[in-house]
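Chain naming here is simple, since letters A, B, ... match the order of the sequence lines and numbering starts at 1 in each.
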Amino acid sequence: MLDIRFIRENSALVQENAKNKGYDVNIDELLRQDETRRGLQSRADELREKRNTISSQLQGGRPSDELIEQAKLLKDELATIEAELRGVDESFTLLLKKVPNMADGDVPIGATEDENVVSKVVGEPTSFDFTPRSHAEIAAERSWIDKERAAKVAGSRFGYIKGDLVKLQFAIIQFVLDTLTDETLLGRIASEAGLDVPPKAFVPVLPPLMIRTAMYDAMDRLEPQDDRYKLESDDLWLQGSAEHVLGSMHADEIIDQAQLPLRYVGYATSFRREAGAYGKDMEGIFRMHQFDKLEMESLSTSEAGPDEHLFFVAIQEFLLSSLGLPYRVVQKCTADIGKPNARGIDMDTWLPGQANYRETHTADYMTDYQARRLRTRVRRESGELELVHTNDATAFALGRIMIAIIENGQTQDNRVAVPTALQPYLAGRLFL
RNA sequence: GGAGAGGUGGCCGAGUGGUUGAAGGCGCACGCUUGGAAAGCGUGUGUGCCAGCAAUGGUACCGCAGGUUCGAAUCCUGUUCUCUCCA
């Protein structure tokens with residue numbers, strides 16, 4: 001959520017920004033309600049002040065009937081004002097929550113994701129001296145993915161992942177955890193990216209996979225609800241990405257500045273309905289209702305936030321490069337970065353089976369937009385309180401990255417070359 | 001799933017209707033004291049919102065949400081979380 005004081009002072013900018021991001025919000029109406037709300041709030045405060053004054057005169061017993069009568073009148077008036085205030089406050093908050101975060105100045109303005117800007121291409125599309133297959137075809141040959149039986153048991157877009165593919169997944173996980181907890185390596189990644197960020201290790205986390213409505217909403221990741229799985233009888237949702245449960249971990253907390261940045265890498269099975277997918281997306285395990293993911297999250301000061309974002313991107317590039325995969329970096333435009341985002345960068349990895357770059361990574365920078373409702377604050381060295389800035393980014397979405405490894409590393413006889421960086425985690429095997 | 005106990009400030013802990021934003025202690029900050037330190041002494045030390053350049057003032061907050069009352073940390077209802085015992 002944005003700061004209402006910021007909106008008051010920058011209403012035109014905020015309206016313009018909402019339009020650029022494709023959100024229909026009425027800032028004028030919001031400001032009108034804000035004024036009404038504040039008026040009622042002041043009135044209620046005044047009435048309470050009077051009530052408190054009278055009350056303090058009444059203590060010690062022997063209250064005069066007159067005073068009691070006065071107090072009763074106040075009580076009634078206050079009740080009326082409070083009811084009115086509750087109503088206005090509710091619709092005001094509803095409107096305020098709809099206002100998207102301000103996009104940073106260097107975010108390309110665009111109406112659809114087609115206006116995202118490719119800023120960097122690393123490596124070249126893998127070439128083969130045979131016609132490359134899709135991961136689904138190779139997995140079928142190797143009995144790595146069984147969607148038919150999964151459909152019988154759980155429905156469409158679920159899978160049984162089996163055999164060497166399971167070992168590959170665990171190898172990737174180990175590789176990521178080793179990378180993100182190695183401060184020497186993190187320092188090198190930072191300095192090679194020209195970033196002056198502390199090389200502080202990420203804390204690995206296995207988070208809860210369910211999240212309360214209030215927390216999900218505070219993270220501003222509850223929408224679109226159509227894409228979420230709700231557990232009706234419990235006021236709980238299945239989380240759609242570890243950042244949902246990592247970012248909300250420090251809700252209602254005040255963190256000493258010396259402890260920042262807090263960096264986490266969460267491993268979580270994530271759930272999404274992914275309604276409306278079609279074509280290539282339906283093949284194999286590209287787009288499933290359930291997938292495992294390693295996600296980075298950081299809480300930092302406001303001044304450190306932008307570099308944390310770039311650091312996350314640098315880490316993503318390091319991870320992809322370590323696997324020898326061709327990828328490109330995409331600066332997402334205003335329409336695509338998402339409501340709570342100030343900036344958003346994607347990594348698209350080359351998939352020979354689709355002969356296309358497809359999204360495997362996202363890095364989101366939310367400034368203080370999430371922290372405002374989470375009430376996660378930092379106590380500055382000066383003693384001042386300030387909202388933290390949040391960053392989240394994919395380390396690896398395991399399903400998608402295994403697709404990339406299979407398709408880019410395939411041989412004519414349906415084997416898959418193991419990236420050098422993963423070989424130590426697969427007993428030194430060169431091929432799966 | 002059942003029974004019981006309990007959630008008070010950074011921490012411990014008092015408080016069962018009336019200056020209680022909340023005793024006391026610990027911690028922390030500043031000052032005094034000291035050659036220096038400890039001890040000791042003194043002062044201060046929560047958060048949100050509104051108004052104000054500020055000092056400050058008003059208001060709300062004792063897990064959360066309602067209710068009773070002129071007045072609620074204290075009484076009532078619901079709910080949530082933690083702990084103990086049982087299944």
Closest to the A/Lys75 side chain, choosing from B/C70, B/U47, B/C50: B/C70
So does A/Glu384 pair up with A/Arg379, basic N to acidic O under 4.0 Å? no
With rounding to the closest Å, how many angstrom separate the P atoms on B/G67 and B/A3? 28 Å
How far does the P atom of B/G15 sit from the matching atom of B/G6, given to the nearest Å? 13 Å
What does A/Leu74 touch in the nucleic acid at a heavy-atom separation under 4.0 angstrom: a base, only the sugar-phosphate, or nothing? nothing
For A/Arg373, which contact category applies under a 4.0 Å heavy-atom criterion: base, sugar-phosphate, or nothing? nothing
For nucleotides B/G24 and B/A14, find the distance between their C1' atoms and express it as a whole number of Å. 7 Å
Whole-Å C1' distance, B/C53 and B/U34: 43 Å
How would you label the contact of A/Arg5 with the nucleic acid (heavy atoms, under 4.0 Å): base, sugar-phosphate, or nothing? sugar-phosphate
Are A/Asp45 and A/Arg48 close enough for a salt bridge, meaning some N to O gap below 4.0 Å? yes
Of the nucleotides B/C49, B/U47, B/G58, which one has an atom closest to the side chain of A/Glu49? B/G58
Please give the distance between the C1' atoms of B/C83 and B/U69 as a whole number of Å. 34 Å
Short N/O separations, protein against nucleotides 60-66 of chain B, under 3.5 angstrom:
residue	atom	partner	partner atom	Å
B/A60	OP1	A/Arg51	NH2	3.0
B/A60	OP2	A/Asn52	ND2	3.4

Taking ring pair (Phe, Tyr, Trp, His ring centres under 6.0 Å) as the test, write out the residues that go with A/Tyr369, two or more places apart. none
Looking across every strand, which nucleic acid part, if any, lies under 4.0 Å from A/Arg375 by heavy atom: base, sugar-phosphate, or nothing? nothing
So for atom CG, which belongs to A/Asp196, do other residues, nucleotides or ligands contribute more than 12 heavy atoms lying within a distance under 6.0 Å? no
A/Lys332 bridged to A/Asp346 by N-O distance under 4.0 Å: yes
Regarding A/Asp220 and A/Gln370, do their side chains bring together a donor and an acceptor under 3.5 Å, going by distance alone? no
Between B/G31 and B/A72, how far apart are the C1' atoms? Round to whole Å, please. 40 Å
Whole-Å P distance, B/G4 and B/G9: 27 Å
Watson-Crick or G-U counterpart of B/G4, or none if no pair lies under 3.5 Å: B/C83
What contact category does A/Arg379 fall into here, base, sugar-phosphate, or nothing, at under 4.0 angstrom with non-hydrogen atoms? sugar-phosphate
Nearest-Å distance once atom P is located in both B/G17 and B/A65: 24 Å
Using both distances under 3.5 Å as the test, list the Watson-Crick or G-U wobble partner of B/G31, or none. B/C41
Less than 4.0 Å between a side-chain N and a carboxylate O, is that true for A/Asp106 and A/Arg343? yes
